[in-house]
Amino acid sequence: MEDLYQVGSITQTHGIRGEVKVFPLTDDISRFKNMKNLLLDGGKDGYISLEVENARPQKNLVILKFKGIDNINDIEKYKGQGLYVTKENRVELKDDEYFIADLIGCEVYVDTDADKKFGTISDVMETGANDVYEITLENGKTVLVPAIKECILNVDIEGGRVDIHLLEGLMD
C-alpha cells in the first residue's frame, strides 16, 4: 500500500442525505474544496475510495458529500473513521512549507558541525506565530527549535535532513 496521509476524520453524520461532518487535520480547511478523491478507512473492509461531490466549511469542521452516498444509513457506520489522501493527491505547498508527516523523522545537523548528527525531529508543534520543532537528541533529551529563518537553514525532505542554527539560549 502506498503512503497515506490522514486529512481528517468523520465525527458524525449531517442530515439524512449522506453528508458527514469532518474534523480536518489541516491548517487550511478550504483545501477540502479542491480535494476530488479521498480514501475512507473502512476497518475490516479496507480503504474505500470516495469521490468528493461537495465540501463546505462549518465553524471548525467541514461538511462533505460523497458521490453515490445519498442516505444516512450508507455512511453512519463510518463515524470516527479517518479520511486519507495518497502522496500524489496531497495539496501543493508553497516554498518553505512542509507537511508535518514529512518532517518527523528527519535527521538534524547543526551548522557548527554539519557532519555530526545532532538529533531527529520527533514532533512539530503549531503555535500562533510559527511552528516549533521538537528534536530528540542523540542522548535522548529533547530541545525545541523555532521554525524561523534564523534557525532553520535548509530542509531536504527527500534526503531526510534538516540543517539548523542554534540561537544562543536554546540549549539552556
Side-chain angles (χ1 to χ4, degrees), residues 1-10 22-43 45-52 55 57 60-62 64 66 80-172:
M1 189 92 199
E2 56 192 307
D3 290 339
L4 298 179
Y5 300 89
Q6 188 170 5
V7 295
S9 60
I10 296 174
V22 172
F23 181 77
L25 297 176
T26 176
D27 58 350
D28 181 6
I29 63 173
S30 67
R31 291 177 175 171
F32 277 89
K33 288 185 176 188
N34 298 321
M35 291 183 185
K36 301 295 180 210
N37 293 296
L38 292 172
L39 293 171
L40 169 66
D41 182 356
D45 296 332
Y47 290 96
I48 302 164
S49 181
L50 297 171
E51 186 175 345
V52 177
N60 65 333
L61 301 174
V62 178
L64 288 182
F66 301 111
Q81 295 301 103
L83 293 168
Y84 299 81
V85 294
T86 60
K87 191 170 192 170
E88 295 77 38
N89 289 326
R90 293 192 296 185
V91 295
E92 291 292 321
L93 296 176
K94 299 174 190 162
D95 289 342
D96 294 329
E97 285 187 340
Y98 306 97
F99 291 106
I100 290 174
D102 290 343
L103 287 168
I104 293 177
C106 283
E107 294 181 348
V108 178
Y109 296 83
V110 179
D111 60 348
T112 54
D113 195 357
D115 294 328
K116 184 174 182 248
K117 182 179 168 185
F118 177 69
T120 304
I121 296 178
S122 52
D123 195 10
V124 177
M125 292 171 254
E126 297 177 88
T127 67
N130 54 268
D131 290 349
V132 176
Y133 297 170
E134 179 184 77
I135 300 169
T136 301
L137 306 178
E138 293 296 294
N139 64 10
K141 294 183 180 182
T142 60
V143 64
L144 300 176
V145 176
I148 57 176
K149 290 188 186 298
E150 293 81 14
C151 291
I152 308 302
L153 304 177
N154 183 51
V155 176
D156 177 8
I157 296 295
E158 295 296 319
R161 180 182 173 126
V162 175
D163 296 317
I164 67 168
H165 171 73
L166 284 175
L167 293 176
E168 193 173 321
L170 284 178
M171 291 296 292
D172 296 339

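Nothing here was measured: the structure is a model prediction, and the numbers come from that model. Here, residue 1 is the first one in the sequence, and each next residue gets the next number.
Val124 places none of its side-chain heavy atoms less than 4.5 Å from the side chain of Tyr98. Side-chain contact check for Val85 versus Leu38: some heavy-atom pair is nearer than 4.5 Å. By the 4.5 Å heavy-atom criterion applied to side chains, Leu83 and Met35 are not counted as neighbours. Gln6 places none of its side-chain heavy atoms less than 4.5 Å from the side chain of Asp41. Side-chain atoms of Leu167 and Cys151, non-hydrogen and from C-beta on, do get closer than 4.5 Å to each other. Here the side chains of Val155 and Leu103 are in contact, with some heavy-atom distance below 4.5 Å. Phe66 places a side-chain heavy atom less than 4.5 Å from the side chain of Val52. Residues Leu166 and Phe118 form a side-chain contact, since some pair of their non-hydrogen atoms from C-beta on lies under 4.5 Å apart.
Residue Gly159 comes nearest to Asp156 through the heavy atom pair N-OD1, 3.0 Å, listed as atom of the first residue, atom of the second, then distance. Closest approach of Ala55 and Val62 over heavy atoms only: CB-CG1, 4.4 Å. When all heavy atoms of Ile48 and Gly42 are compared, the closest pair comes out as CD1-CA, 4.1 Å.
A distance of 8.0 Å separates CG in Leu64 from CD1 in Ile10, rounded to the nearest 0.5 Å. To the nearest 0.5 Å, atom OH of residue Tyr47 and atom CG of residue Leu39 are 8.0 Å apart. A distance of 8.5 Å separates CD of Glu88 from CG of Asp3, quoted to the nearest 0.5 Å.
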Next on the checklist: What verdict does the side-chain contact (heavy atoms from CB on, under 4.5 Å) test give for Phe23 and Leu61, after you've listed the backbone C-alpha separation in whole Å, the side-chain angles of each residue and the deciding distance to 0.1 Å?
Outcome noted: CA-CA 5 Å; Phe23 181 77; Leu61 301 174; 3.9 Å; yes
Next on the checklist: Let's go through Val7 and Phe32 carefully: what are the C-alpha distance in whole Å and the side-chain angles of both, what is the deciding distance for side-chain contact (heavy atoms from CB on, under 4.5 Å) to 0.1 Å, and is it a yes or a no?
Outcome noted: CA-CA 9 Å; Val7 295; Phe32 277 89; 4.2 Å; yes
Item to check | Trace of the side-chain contact (heavy atoms from CB on, under 4.5 Å) decision for Asn37 with Leu50 | outcome: CA-CA 6 Å; Asn37 293 296; Leu50 297 171; over 6 Å; no
Next on the checklist: Apply side-chain contact (heavy atoms from CB on, under 4.5 Å) to residues Tyr5 and Asp102 and explain how you reach the verdict.
Outcome noted: CA-CA 10 Å; Tyr5 300 89; Asp102 290 343; 3.8 Å; yes
Which pairs of donor and acceptor atoms, one on a side chain in residues 129-138, lie under 3.5 Å apart (sequence neighbours left out)?
from: Glu134; atom 1: OE1; to: Ser122; atom 2: OG; distance (Å): 3.0
from: Thr136; atom 1: OG1; to: Ser122; atom 2: OG; distance (Å): 2.9

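Heavy-atom contacts from other residues, nucleotides or ligands closer than 6.0 Å to NZ of Lys33 number 12 or fewer. Residue Asp95 places its CG atom among 12 or fewer non-hydrogen atoms of other residues, nucleotides or ligands, all under 6.0 Å distant.
In this structure, Asp163 pairs ionically with Arg161, as a charged nitrogen and a carboxylate oxygen lie closer than 4.0 Å.
A search for salt bridge (charged side-chain N to carboxylate O under 4.0 Å, His left out) contacts involving Asp123 returns nothing, not counting sequence neighbours. Among residues two or more places apart in sequence or in another chain, the salt bridge (charged side-chain N to carboxylate O under 4.0 Å, His left out) test is passed with Lys36 by none.
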